[in-house]
J.: 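This is the structure I have questions about; it appears just below.
Excluded from the calculations below are hydrogen atoms, water molecules and symmetry mates; all remaining heavy atoms, backbone and side chain alike, are included.
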Amino acid sequence: QVQLVESGGGLVQAGGSLRLSCAASGRTLRNYCMGWFRQAPGEERQFVAVISWTGGRTDYADSVKGRFTISRDNAKNTAYLQMNSLKPEDTAVYYCAADIQRSKFYGSSFYGLDYWGKGTPVTVSS
């Protein structure tokens with residue numbers, strides 16, 4: 001069984017940066033896309049970013065384009081989310097997910113993603 005464990009969340013001032021990590025254990029996620037979602041209090045979970053197995057293809061939510069960068073190190077079975085120029089509206093619990101089907105990261109399909117982490121909280125103060 002695969003486990004995803006997020007880390008790197010915390011409290012940061014607006015304009016600051018954080019780097020989230022998502023470490024996978026259990027087996028190598030060969031050919032799996034990995035992605036990040038976030039959920040603010042009282043709101044629906046939303047897509048943030050996704051990266052292909054090779055890292056050659058990435059996609060971002062419009063709200064984070066130009067500020068967030070997703071990457072992965074397959075040798076370490078780990079994905080990352082570099083978050084720069086953070087805003088108070090970025091405050092949320094950030095979740096990592098993995099699935100072979102990239103299409104499942106979009107729309108309402110993401111609830112069916114194969115693997116999810118338990119999340120790491122990010123708070124951006126103004």
Side-chain angles (χ1 to χ4, degrees):
Q1 181 70 311
V2 172
Q3 286 189 324
L4 302 179
V5 179
E6 303 94 336
S7 62
L11 173 64
V12 63
Q13 288 188 330
S17 298
L18 283 174
R19 188 193 194 205
L20 306 183
S21 298
C22 171
S25 62
R27 65 177 178 88
T28 299
L29 294 177
R30 175 170 285 280
N31 294 324
Y32 274 70
C33 294
M34 295 185 74
W36 291 91
F37 293 79
R38 66 186 183 186
Q39 187 166 15
E43 296 187 12
E44 294 288 321
R45 191 169 298 190
Q46 60 179 214
F47 167 79
V48 174
V50 63
I51 187 167
S52 62
W53 160 250
T54 63
R57 183 177 174 184
T58 58
D59 195 15
Y60 299 89
D62 288 343
S63 59
V64 307
K65 278 181 182 176
R67 299 188 298 122
F68 291 11
T69 302
I70 189 171
S71 62
R72 67 190 295 168
D73 183 340
N74 290 335
K76 296 181 178 180
N77 229 15
T78 300
Y80 304 96
L81 186 68
Q82 177 67 43
M83 305 187 296
N84 298 329
S85 302
L86 283 161
K87 305 175 181 180
E89 51 264 43
D90 294 318
T91 295
V93 177
Y94 283 71
Y95 298 89
C96 176
D99 199 287
I100 279 188
Q101 295 185 49
R102 182 187 184 88
S103 61
K104 289 170 67 176
F105 284 82
Y106 304 100
S108 59
S109 299
F110 66 75
Y111 289 105
L113 290 169
D114 282 348
Y115 304 110
W116 284 95
K118 293 185 178 181
T120 184
V122 171
T123 302
V124 184
S125 63
S126 56

J.: Could you walk me through whether V64 and R38 pass the side chain to side chain contact (heavy atoms under 4.5 Å, CB included) test, one step at a time?
T.: CA-CA 11 Å; V64 307; R38 66 186 183 186; 3.9 Å; yes

J.: Identify the two heavy atoms, one from S17 and one from N84, that lie closest to each other, and give their separation to 0.1 Å.
T.: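 Heavy atoms of S17 and N84 come nearest at OG-OD1, 2.9 Å.
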
J.: If every non-hydrogen atom of D114 is compared with every non-hydrogen atom of I100, which pair is closest and at what distance?
T.: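 Taking D114 first and I100 second, the nearest heavy atoms are OD2-N, 4.4 Å.
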
J.: Has the side chain of K87 got a donor or acceptor atom that lies under 3.5 Å from a matching backbone atom of A14?
T.: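 Pair absent, no side-chain N/O of K87 close to backbone of A14.
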
J.: Any sub-3.5 Å donor-acceptor pair from T28's side-chain atoms to R30's backbone N or O?
T.: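 Checked: no pair found.
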
J.: Among T123, T91, V124, which one satisfies side chain to side chain contact (heavy atoms under 4.5 Å, CB included) with V12?
T.: V124

J.: Is there a continuous path of hydrophobic side-chain contacts, each under 4.5 Å between heavy atoms, that joins Y111 to L4?
T.: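 Result: no, two separate clusters.
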
J.: CH2/W36 to CD/Q46 distance, rounded to the nearest 0.5 angstrom?
T.: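 The CH2 atom of W36 sits 14.5 Å away from the CD atom of Q46.
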
J.: Quick check: closest heavy atoms across A97 and L113, and the distance to 0.1 Å?
T.: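 Heavy-atom minimum between the residues: CB-CD1, 3.6 Å.
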
J.: Verify, without hydrogens or angle tests, whether N77 (side chain) and R27 (backbone) share a donor-acceptor contact under 3.5 angstrom.
T.: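 Flag set: sc N77 to bb R27 pair under 3.5 Å.
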
J.: Quick check: does any side chain N or O of E6 sit under 3.5 Å from a backbone N or O of K118, one acting as donor and the other as acceptor?
T.: yes

J.: Within the 4.5 Å heavy-atom criterion, are V93 and T120 side-chain neighbours or not?
T.: no

J.: Working to the nearest 0.5 angstrom, can you tell me the gap between E43 CD and E89 CD?
T.: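 If we round to the nearest 0.5 Å, E43:CD and E89:CD are 10.5 Å apart.
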
J.: With hydrophobic residues grouped by side-chain heavy-atom distances under 4.5 Å, do Y95 and F105 end up in a single group?
T.: yes

J.: Do V2 and M34 sit in one hydrophobic cluster, given that two such residues count as connected whenever their side-chain heavy atoms are within less than 4.5 Å of each other, even indirectly?
T.: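 Both belong to a single hydrophobic cluster.
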
J.: Looking only at heavy atoms, which two atoms of S126 and P88 are closest? And how far apart?
T.: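 In this case the closest contact between S126 and P88 is CB-CG, 3.8 Å.
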
J.: Checking C33 now: which residues fulfil disulfide bond (SG atoms under 2.5 Å apart) with it, not counting sequence neighbours?
T.: none

J.: Using the rule given for ring-ring contact (aromatic ring centres under 6.0 Å, His included), can you reason through F37 versus Y94, listing the C-alpha separation, both sets of side-chain angles and the distance that settles it, and then say yes or no?
T.: CA-CA 6 Å; F37 293 79; Y94 283 71; over 10 Å; no

J.: For residues 66-74, tabulate all N or O donor-acceptor pairs below 3.5 Å that involve a side-chain atom, not counting sequence neighbours.
T.:
| residue | atom | partner | partner atom | Å |
| --- | --- | --- | --- | --- |
| R67 | NH1 | S85 | O | 3.0 |
| R67 | NH1 | D90 | OD2 | 2.7 |
| R67 | NH2 | S63 | O | 2.8 |
| R67 | NH2 | D90 | OD1 | 3.0 |
| R67 | NH2 | D90 | OD2 | 3.4 |
| R72 | NE | N74 | OD1 | 2.8 |
| R72 | NH1 | Y32 | O | 2.8 |
| R72 | NH1 | S52 | O | 3.0 |
| R72 | NH2 | Y32 | O | 3.2 |
| R72 | NH2 | N74 | OD1 | 3.4 |
| D73 | OD1 | A75 | N | 3.1 |
| D73 | OD1 | K76 | N | 3.4 |
| N74 | ND2 | W53 | O | 2.8 |

J.: Looking only at non-hydrogen atoms, find the nearest pair between S125 and L11 and report the distance.
T.: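 Closest approach of S125 to L11, heavy atoms only: CB-CD1, 4.4 Å.
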
J.: Between CD1 of I51 and CZ of R102, what distance do you get to the nearest 0.5 Å?
T.: 9.0 Å

J.: Indicate the atoms forming the closest heavy-atom contact of D99 with K104, along with that distance.
T.: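 Looking at all heavy atoms of both residues, the closest pair is OD2-NZ, 2.9 Å.
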
J.: Indicate if V48 and L86 have the same hydrophobic cluster label, given that clusters are the connected sets of ILVMFWY residues with side-chain heavy-atom separations under 4.5 angstrom.
T.: yes

J.: Might you confirm whether atom CD of Q3 has over 12 heavy atoms from other residues, nucleotides or ligands at distances under 6.0 Å?
T.: no

J.: I'd like to know if M83 and Y80 are part of one continuous hydrophobic network [Ile/Leu/Val/Met/Phe/Trp/Tyr, side-chain heavy atoms within less than 4.5 Å].
T.: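 Different hydrophobic clusters.
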
J.: Quick test of your reading: applying disulfide (SG to SG under 2.5 Å), list the pairs with at least one residue in residues 47-83, sequence neighbours left out, ordered by first then second residue.
T.: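 Residue pairs with at least one partner in residues 47-83: there are none.
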
J.: Apply side chain to side chain contact (heavy atoms under 4.5 Å, CB included) to Y106 and V50, showing your working.
T.: CA-CA 9 Å; Y106 304 100; V50 63; 3.4 Å; yes

